[in-house]
Amino acid sequence: MSSILSRISTLLNSTKTILHLHQLHARIIQNGLEQHNLIINLFISRCTKLDAHPNHTTTHYALSIFNLVFHPNAHLWNSILKANISSLPITISLFNRFKLSKTTPDDYTFSSLIKCCSIHNGVWEGRLIHGLVVRNGVLGFVFVGTSLVDFYGKVGEVESARKVFDEMPERNVVSWTAMVVGYLSLGDLRSAQVVFDEMPWRDCAAPAWNAMVDGYVKWGDLESARKVFDEMPERNVVSFTCLIDGYAKAGDMESARELFDRAPARDVVAWSALISGYVQNGNANRAVEMFVEMCNENVKPDEFAMVNLMTACSQIGSSDLGLWVDSYVTRNSIDLSRPHIAAALIDMNAKCGNMDRATCLFEEMPKRDLVLYCSMIQGLSIHGCAVQAVRLFSRMLEEGLVPDKVAFTVLLTACSRAGLVEEGMQYLCSMKNDYGLVPSPDHYACIVHLLGRAGHLEAAYDLIESMPVEPHASAWGALLGACRLHWNIKFGEMVAGKLFQLEPRNPSNYVLLSNIYANANRWTDVLELRNRMREGCVRKIPGQSRI
DNA sequence: ATAGGGTTAG
């Protein structure tokens, strides 16, 4: 008997696939061990380890086998709770069954339960379990106390976290770190720093140091982040990544790059911090180069890195590069069913001019959400298929999706590109009346552009004057562009006058008006404008014209 | 005799 037991447990340890699990399950039944707590426990633990990634088939499998055990012991109950930590309701109902059984929950039980509440933001459940922890006399266990500190920190009740922390009879590095992280997540940097400074064994608490660096970065205090970083006794990849990310977000790519070169190791996350920095700071070409370099150093890109690459390509807009990235994504079995990845891929194909591919991807999605629709509508509108874009918006409404501000910006831009005056005005009304959205200056600028291009300069002017929001320079700018389009001197002068007040240093406004004058052969006026431009140190930067 | 736990970058 004991030999079969040790054979099965050895086999379990080397189990890699679901097929192996099924074979072992058969063997367990053959030997009449379905009621054997230890074997079933090992089996369930193995299921949990194989279920690190989505589709919870092995978790369901584990649960079905657990349900056949008549008298599970506390170990087995704890294992099945841990296996189902990704679902709060299942965990709670299992725990209720556990309480009704003859066995009693222990410290292991409660730390799993609290962790589950903390993952799922179960504030109410967590408080309830805190009460049970006290009643069951397990509050003194370090793991239980630490889980509670972590839980209260995550749900934003840092005072409760502090209370548990202060009352803990025994604390270790992890407890202290959880307390620091709790303060940091609420932005209470001072309290975090105080706890961090009092922390014993601080030199061997890398996670706490990294959390401090990350916290200062997240709350915008790059200097303090740097200070903590420089004081660290030992820095690992994470430490470097936190700070690289901070510099990248602040637009200081030189410092980011310098740190990156100094990092002891470079994993995908470190590379991504730098690459996304280049993307966000408008240096898409550099981002693509870095991506290639990363691949050459045998660092395998994950989904996050791929989204960065696709965003960079969208900015560059090269059709060839877009096709290459598309085939790269497909070859490397990146999960296209995840909406944000599919959205990035569709957006990239659309911006790179590969509309057929974009349409194909869009139609083949099992489900289309708002973001996906917006990418597609924008793609069509960029490529002069604005009528189709507007039609797609209607289809989106038919599917029951509710448009937001971004959706309307995309839609109104499409209308203005296609010269759909009536539709545009209707959608602006619908936005206010049907969806309760307040049009932003950008939305108004779209409509002004639309009216202006169609030659309704007066209507556009009236719209700007009647805007409930502060008229943004972009609305006036759109109108001035329209005045140039129709060579209208009267409106042009009036609008330009407003713009010279709003943004006296923007050269395109001067250039537009001077074009209008030139067209009417009013060369004295052109000359006078040139002088005004020079006096105000306004210089036209080549390629920055607004039209 | 035997099994299981809390913190950590994008």
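In what follows, chains are A, B, ... by sequence order, proteins preceding strands, each numbered from 1.
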So if I take every side-chain heavy atom of [X] and compare against [options], which nucleotide ends up nearest?
X      : options             : answer
A:Y108 : B:dG5, B:dG6, B:dA9 : B:dG5
A:D150 : B:dT7, B:dT2, B:dG5 : B:dT7
A:T146 : B:dA9, B:dG5, B:dG6 : B:dG6
A:L42  : B:dG5, B:dA3, B:dT7 : B:dA3
A:V238 : B:dG6, B:dA9, B:dA3 : B:dA9
A:K154 : B:dT8, B:dG6, B:dG5 : B:dT8

To the nearest Å, how far apart are [X] [atom1] and [N] [atom2]?
X      : N      : atom1 : atom2 : value
A:H36  : B:dA3  : NE2   : P     : 13 Å
A:R171 : B:dG6  : CZ    : C1'   : 15 Å
A:I40  : B:dA3  : CD1   : P     : 17 Å
A:F141 : B:dG6  : CZ    : P     : 16 Å
A:D106 : B:dA3  : CG    : C1'   : 12 Å
A:I39  : B:dA3  : CD1   : P     : 12 Å
A:L274 : B:dG10 : CG    : C1'   : 12 Å

What nucleic acid atoms does [X] come within less than 4.0 Å of, heavy atoms only: base, sugar-phosphate, or nothing?
X      : answer
A:N37  : nothing
A:N308 : nothing
A:S45  : nothing
A:S272 : base

Mind running a 4.0 Å heavy-atom check of [range] against DNA chain B and sending the residues that fall below it, in number order?
range                       : result
residues 175-188 of chain A : A:S175, A:T177
residues 195-232 of chain A : A:P207, A:D214, A:K218
residues 112-140 of chain A : A:K115

Practice task
May I ask you to check whether A:F229 and A:F240 place their ring centres under 6.0 Å from each other?
Solution key: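 Ring centres of A:F229 and A:F240 closer than 6.0 Å.
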Problem - Test of ring centre spacing under 6.0 Å for A:Y61 and A:H22 - result: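 For A:Y61 and A:H22, the ring centres are under 6.0 Å apart.
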Do [X] and [Y] come close enough that some side-chain heavy atom pair is under 4.5 Å?
X      : Y      : answer
A:L401 : A:R368 : no
A:V181 : A:D150 : no
A:Q280 : A:S276 : yes
A:L76  : A:V69  : yes

Practice task
Check if the side chain of A:D302 and the base of B:dG10 share a donor-acceptor pair of N or O atoms closer than 3.5 Å.
Solution key: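 Flag set: donor-acceptor pair detected.
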Exercise for the section: Determine whether any donor atom in the side chain of A:S147 lies under 3.5 Å from an acceptor atom in the base of B:dG6, or the reverse, and answer yes or no. Expected result: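 Counting by modelled atom types and ignoring angles, no donor-acceptor contact under 3.5 Å is found here.
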Handout entry: Plane angle bin for A:F196 and A:W209 - parallel if under 30°, tilted between 30 and 60°, otherwise perpendicular
Key =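 If you compare the ring of A:W209 with that of A:F196, the planes turn out perpendicular.
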Exercise for the section: Evaluate the ring planes of A:F98 and A:F95, with Trp represented by its six-membered ring, and classify them as parallel (under 30°), tilted (30 to 60°) or perpendicular (over 60°). Expected result: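 Plane angle over 60°, so perpendicular.
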Handout entry: Side-chain donor-acceptor contact under 3.5 Å, A:Q193 with A:D197
Key =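 Yes, side-chain donor-acceptor contact under 3.5 Å.
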Exercise for the section: Assess whether salt bridge (Lys or Arg N to Asp or Glu O under 4.0 Å) is satisfied between A:E289 and A:R286, documenting all intermediate values. Expected result: CA-CA 5 Å; A:E289 279 168 32; A:R286 192 93 196 87; 2.5 Å; yes
Exercise for the section: Assess whether atom CH2 of A:W201 is packed by more than 12 heavy atoms of other residues, nucleotides or ligands within 6.0 Å. Expected result: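 For A:W201, atom CH2 is crowded (more than 12 foreign heavy atoms under 6.0 Å).
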Handout entry: Distance, nearest 0.5 Å, that separates CD1 of A:I377 from CD1 of A:I382
Key =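 Those atoms lie 12.0 Å apart.
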Handout entry: The single option from A:V299, A:N298, A:V292 passing side-chain contact (heavy atoms from CB on, under 4.5 Å) against A:N296
Key =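 In the set A:V299, A:N298, A:V292, the residue that makes a side-chain contact (heavy atoms from CB on, under 4.5 Å) with A:N296 is A:V292.
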